[in-house]
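The block underneath contains the structure these notes are about, expressed in C-alpha cells.
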Amino acid sequence: MSWKQDYQKKLVSAEQAAQTIPSNSRLVLGHAASTPIDVLKAMTDSKERYENVEIVHMLCLGEGRYLDEDMKGHFRHNALFVGGNSRKAVSQNQADYTPCFFNEVPSLFKEGRLPVDVALIQVSHPDEDGNCSFGLSSDYTKPAAECASLVIAEVNDQMPRVHGDNFIHVSEIDHIVETSNPLYEIPLPRIGDVEKAIGENCAKLVDDGATLQLGIGAIPDAVLLFLKDKKDLGIHTEMFSDGILELIEAGVVTGNKKSLHPGKMISTFLMGSKALYDFVDDNPAVELYPVDYVNNPAVIMQNENIVSINSCIQIDLMGQVVSETIGLKQFSGVGGQVDYVRGASMAKGGKSIIAIPSTASKGTLSRIVPFIDEGSAVTTTRNDVHFIVTEFGIAELKGKTLKQRAEALIGVAHPDFREDLIQAFNKRFTQA
Ligand code: COA
C-alpha cells in the first residue's frame, strides 16, 4: 500500500478520533503553538465519555477547557511546566505539577516513568515521501509520538514544514484528522525603559561570534535591540520568537562562527507571530530537534562562546535563583533554564545570564532579597549561577565568596532597597 492510500485509510473526523482515546489513559498533548485544536475540543465537548484521562504537557496555548472545574473526574492535567492557562488549576490543586528539566522530558516518556498511551499532535501536510513535519514543536512532541501506543495527528494545512529531526511518516500515525486552523500566535512583548536598560547591559556580555540562547518575552527582545552592531552571531536555543528576525535580515545572525551546526539556527520549538511561522516554513537555515538533544547540557556545551539569557522571580544574597515559584505558588517551571546555565558553564567561553528588573509588583518589591520567600523552590543553585543583570548593572557571581556575591548583588539592586540589603549583609557578614 502506498503512503497515500495509507493516509486515506486513516482519515477520520475529530469526533471519531476523540472516541478512540480510552479512559484511565495518559495523553501527551503537542506543545505550545502546536497544541492540537479540533480533537481536544471534541474531547471536552463529550467529556462524559471519559474517566480519569491524564493530560500531560508543558506550555499549552488555547483556552484549555479540560482544566475547568466541570472536567473533574474526566480529565486531570499533569503539568511539566505551568503556563498562563494552567496556573489557576495547579494553584487550586485541580491539576498536578511534576518538577523536571526540559531536556529530561523525553526520557520520562521513553524510560517508563511516564509511559505514553496517547500522543495527540498537530503536524504539517505530508511531503512527497509521506513525511509530515512536526512544524513548530519538536521538543517532547516528537519523542512522545515515537513511544505512544496510539498516535492521533491533526494534519493542519497551515502548519509550516520546519526542517531538522522533526518529521513523522504517515505510517507511524494511527488516526489522521485534516484541519485548517490558524496557528496560535503570541503578542509581541512591550519593551519599556527598564527592559531596554537590562538589554543594553546584557548585550555588553555578548561578543562577536557568540551563539545565543534567549527565552521568551520583553527582556530577551530588549537584548536583541542592542545587538545590531554585533557580527556573526549564532542561535542554539530552546525556542525563539520574532525578535531575531530583524537581526537575521540585518545580517547580524549568520551562524558562521558556530562550533556546532555552523550556519544553522537550532531550536527545539518556535512561538511567535505569523511572520515568524512564514519565515521558518521550508527554510533550510532553521532546524528543530527534540529537546533531549537541543537542551542536553552535553550538546549545549559544544557551542563555544554560548551566552544564555533567562529570567527569574527572586534571588537571594548568596545567588540562589528562584524562577518558577512565588512563595508556595507554582508560577511557571524550570523549563530549559538549568539546562542552559549548566551547558553554558561547561562550554569554552560560555556565559549564563539571569536578567531581571530589580523590582516586581510595580516597584513595591525587590527581586534581590536577603532570604528567598518561604515555600519557594530554588531553580538555579548558587553553585551554578554566573551573571545576574538588572537595569542597574552586571553582577558576576561565579568564583566569588558569599560576601563578594552579596556585595555585587546589592550593587545591582534598586537603590530604594539597598539600605535594607546592606543591613542584612552587615548582620550576616560583619558580626562575630
Ligand atoms: N515577588 C512577588 N511577585 C513577583 C516577584 C517577586 N519576587 N517577581 C515577579 N513577580 C510577579 C510580577 O509582579 C508579575 O506579576 P504582575 O504581572 O501581576 O505584575 C509576575 O510575577 C510575573 O513576573 P515577570 O517577571 O513579569 O514575569 P515574566 O513573564 O518576565 O517571567 C519568569 C519571568 C521567571 C516567570 C520566566 O522567565 C520563567 O518562567 N523562567 C523559568 C523558565 C526559564 O527560564 N525558561 C528558559 C527558557 S524559555
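In each ligand, atom 1 is the first atom listed, and ligand 1 is the first ligand listed. Scope of the values below: all heavy atoms of this structure, side chains included, with no hydrogens, waters or symmetry mates. On a predicted model such as this, the values are computed, not experimentally measured, just so you know.
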Check: residues 394-402 side-chain donor-acceptor pairs under 3.5 Å, at least two apart:
unit_1	atom_1	unit_2	atom_2	d
Glu396	OE2	His386	NE2	3.3
Lys400	NZ	Glu396	O	3.0
Thr401	OG1	Lys403	N	3.4
Thr401	OG1	Gln404	N	3.0
Thr401	OG1	Gln404	OE1	3.4

If you look at each N/O of ligand 1, which protein N/O atoms lie under 3.5 Å away, and at what distance?
unit_1	atom_1	unit_2	atom_2	d
ligand 1	7 (N)	Ile313	O	3.0
ligand 1	8 (N)	Ile313	O	3.3
ligand 1	8 (N)	Arg367	NH1	3.4
ligand 1	13 (O)	Ser361	N	3.1
ligand 1	25 (O)	Arg367	NH1	2.9
ligand 1	25 (O)	Arg367	NH2	3.0
ligand 1	39 (O)	Ser332	OG	2.7
ligand 1	44 (O)	Gln337	NE2	2.9

Point to revise | Which residues share a side-chain contact (heavy atoms from CB on, under 4.5 Å) with Asp45, sequence neighbours left out | key: Lys41
Review point. Any cation-pi pair here, Arg418 with Phe392, using under 6.0 Å and within 45°?
Key: yes
**Study point:** Pairs meeting criterion side-chain hydrogen bond (donor to acceptor under 3.5 Å, both in side chains) with involvement of residues 187-199, two or more places apart
**Key:** none
**Study point:** Salt bridge flag under 4.0 Å for residues Asp208 and Lys257
**Key:** no
Review point. Given Lys142, which of Thr268, Asp165, Asn166 fulfils the side chain to side chain donor-acceptor pair (under 3.5 Å) condition?
Key: Asp165
